[in-house]
Number of protein chains: 2
Amino acid sequence: MTDPSLGVLLFLPYRHMEQRILDAVVAAGYPVTLAQARVFQRVDADGSRLTELAASAQVTKQTAGFLVDQLEAGGYVERVPDPSDARARLIRITDRGHQAVAIARVMQDRIETEWREHLGDRELERLRSILLRLRGITDPWE
Amino acid sequence: MTDPSLGVLLFLPYRHMEQRILDAVVAAGYPVTLAQARVFQRVDADGSRLTELAASAQVTKQTAGFLVDQLEAGGYVERVPDPSDARARLIRITDRGHQAVAIARVMQDRIETEWREHLGDRELERLRSILLRLRGITDPWE
DNA sequence: CCAAACAAGTCAGAGAATCTGACTAAAGTG
DNA sequence: CACTTTAGTCAGATTCTCTGACTTGTTTGG
């Protein structure tokens, strides 16, 4: 096969991690879909606005709203008034949501450990540092 | 904001590249959707089987078939009998498909150049090499 | 060589995700 | 205060994706 493009090379580990974390969370009794998880993981600890989530997950506001509705119905997040803007509401993670996050974090750490064992400490940190720099020119939401 | 996870850090450049290439291809007069493109980019120069495409793009055979139908209708690929297996057909890129690929390749090269200018030669090559190693433990289709 | 297991792909149908366009209400701006 | 922008919702259509069942051809163990 031809050497895979950088795009594909980025996709593979991204998708691998995403899927394993999702599987772990679902298996632990927190049913969530992939699309919901992609929004959920972007909810800030202090709460996020819908518009922020949409921009960060790179979907429209409508899509983000649709998914937040479901996360709310599942008890993972709640919407509270935003004190600083009467139009907006803050989406915050509930207790149940935090439980799901904890499961996700465990699996995320496990995967990072696997990667560290495969690549070595130095290379994993290099990867992170390069990706952080790359973020400067590839993140539309900076 | 908290430091983004490795997952998000991988997602950002992946998605950035994907979107810009797609935009360029569409703007050049080759209408394709994102989902179609994700399958199309995996079609091998010598032709691919549906099952391969499905595994590589990480969707079901049915989804891959659905998307290949559309790529075929758009004139980007064709299905020819697979000489080595009467059940299978090879999906091959047509002339029109190759034209679209050429557009994509130009944009891909441009983006890689931007990344190279931002990161430096050495770091970009490091990124590629690390991702290639990471592929060993994250690619379900190896 | 043949029966059983397996693999490639399709068909049907349902559900999930996503978008565009139009809208309301609140904030910011000159 | 009018005007523009921003946050979010409503409605509707389209696209994507999956599960389950099936057909046809291939491989394999006895």
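This is a predicted model, so every value here is computed, not measured. A note on names: the letters A, B, ... follow the listed sequences, proteins ahead of strands, and every chain is numbered from 1.
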Kindly point out which of C:dA26, C:dT18, C:dA8 is positioned nearest to the side chain of A:L67?
C:dT18
Donor-acceptor pair, A:R128 side chain versus B:L9 backbone, under 3.5 Å?
no
Atom CD of A:Q19 and atom P of D:dT17: how far apart are they, to the nearest Å?
13 Å
Along DNA chain C (nearest heavy atom to each residue), the more 5'-positioned of B:R49 and A:Q58
B:R49
Rounded to the nearest Å, what distance is computed from the CG atom of residue A:D69 to the P atom of nucleotide D:dG8?
12 Å
Between A:T94 (side chain) and A:G75 (backbone), is there a donor-acceptor pair under 3.5 Å?
yes
Separation of B:R38 atom CZ from D:dC16 atom P, in whole Å?
10 Å
Is there a donor-acceptor pair under 3.5 Å between the side chain of B:R135 and the backbone N or O of A:L12?
no
Proximity to the side chain of A:K61 - top-ranked nucleotide from C:dA17, D:dT9, D:dG25:
D:dT9
Toward the 5' end of DNA chain C, which comes first, A:T60 or B:S48, by nearest nucleotide?
B:S48
Take the protein atom CZ of B:F66 and the nucleotide atom C1' of C:dA17, then report the distance between them rounded to whole Å.
13 Å
Over how many whole Å does the gap from B:Q62 atom CD to C:dG9 atom P extend?
12 Å
Taking the side chain from A:R42 and the backbone from A:S56, do they hold a donor-acceptor pair closer than 3.5 Å?
yes
From CZ of B:R89 over to C1' of C:dA7, roughly how many Å is that when rounded to an integer?
16 Å
Integer-rounded Å distance: D:dG25 P and B:R87 CZ
10 Å
